Amino acid sequence: IRMVLIGPPGAGKGTQAPNLVNKFGACHLATGDMLRSQIAKGTDLGKEAKKIMDQGGLVSDEIMVNMIKDELLNNPACKKGFILDGFPRTIPQAEKLNAMLIEQNTPLQNAVELKVDDDLLVARITGRLIHQASGRSYHKLFNPPKEDMKDDVTGEPLIQRSDDNAEALKKRLGAYHQQTEPIVEYYKKSDIWSGIDASKKPTEVWEDILIALN
Ligand code: ADP
Ligand code: ADP
Ligand code: ADP
């Protein structure tokens, strides 16, 4: 499968992506996870990106497009297909992705939008816990780990993202509505868009994604 997952922060992209990977055997490219790994490694790119991310802004299109291109062309796990999570986030990113995929004769097949009203996202984001190395996410109330603050799979500590606070979320939602939502119209035009009510329970959202992909 070759698809993009679109949705505001907290919509459930990272929660649903592993289901897609299990079902279709594609690679999962989450640009936020990729940036956080640059931050953890202390690279120059990571240092630059952290300032922007903590303020709820967007990292430059050029950096993000190069990051995704590099993975899609060189990561063998992506040869079977890919699930993009958090990319594209702007019209220029969507256009550059399209041009590259058409050049490779592997056009995008699906753009799935996870729709959740802003007022539900505050609780999701402020309660989110993540396992840094894998990107696995939990929720303090909605999906607690089996052992307090520990990843179910590795037992390693869970952390709260530094941008998962109410103030940064407000800016991220602003960026989403202004810069990312226009790509929904872009994908509707090429007839590969499906919209899902992602305010439901995770299992119900997953069922609806499968129906939409059929
Ligand atoms: P995204 O990757 O779109 O930012 P996540 O998948 O990380 O979103 O989900 C954000 C938070 O909300 C996480 O803590 C996650 O456990 C929780 N969550 C995900 N899907 C749902 C859902 N359908 N209902 C309630 N909480 C959810
Ligand atoms: P969320 O799970 O809340 O949707 P992500 O983990 O996808 O957030 O992204 C975290 C931050 O990383 C974003 O707020 C933004 O600063 C940066 N980022 C991630 N992907 C992109 C992208 N495609 N373009 C620009 N900035 C990005
Ligand atoms: P109900 O009591 O209606 O059967 P649940 O107990 O399954 O619902 O879930 C309660 C809340 O937790 C709901 O908002 C649901 O979306 C959320 N939730 C359940 N499982 C998960 C999960 N794996 N990840 C994130 N949120 C979840």
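Just so it is clear, the model here is predicted, and its values are computed rather than measured. Counting starts at 1 for both ligands and their atoms, following the listed order.
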Show which atoms of ligand 1 fall inside a sub-4.0 Å distance from at least one heavy-atom site of [X].
{"X": "G14", "answer": "1 (P), 2 (O), 6 (O)"}
{"X": "A11", "answer": "3 (O), 8 (O)"}
{"X": "K201", "answer": "23 (N)"}
{"X": "H139", "answer": "14 (O), 16 (O)"}

TODO: Kindly identify the option in R89, M53, R172 whose heavy atom sits closest to atom 5 (P) of ligand 2.
DONE: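 When every heavy atom of R89, M53, R172 is considered, R89 comes closest to atom 5 (P) of ligand 2.
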TODO: Could you check which of V59, L35, D85, I52 puts a non-hydrogen atom nearest to atom 18 (N) of ligand 2?
DONE: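 Residue with the shortest heavy-atom distance to the ligand atom: L35.
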- [ ] Decide whether the shortest distance between a heavy atom of K200 and an atom of ligand 1 is less than 4.0 Å.
- [x] yes
Task: Shortest protein contact, atom 16 (O) of ligand 2 (heavy atom only) - done: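 Here the closest protein heavy atom is G57 O, 2.6 Å.
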- [ ] Measure the distance from atom 10 (C) of ligand 2 to every protein heavy atom, then report the residue, atom name and distance (to 0.1 Å) of the closest one.
- [x]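 Protein heavy atom at minimum distance: R161 NH2, 3.4 Å.
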Considering both backbone and side-chain atoms of [X], is one of its nitrogen or oxygen atoms within less than 3.5 Å of a nitrogen or oxygen in ligand 2?
{"X": "G7", "result": "no"}
{"X": "D163", "result": "no"}
{"X": "L58", "result": "no"}
{"X": "D33", "result": "no"}

Open item on the list: Checking the side chain of E48 only, and the main-chain atoms of L45 only, is there a donor and an acceptor separated by less than 3.5 Å?
Closed with: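 Not confirmed, E48 side chain does not pair with L45 backbone.
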Open item on the list: Any side-chain to backbone donor/acceptor pair from Q93 onto R89? Under 3.5 Å, distance only.
Closed with: yes
Open item on the list: Hydrogens and angles aside, do N98 and Y186 bring a side-chain donor and acceptor to less than 3.5 Å of each other?
Closed with: yes
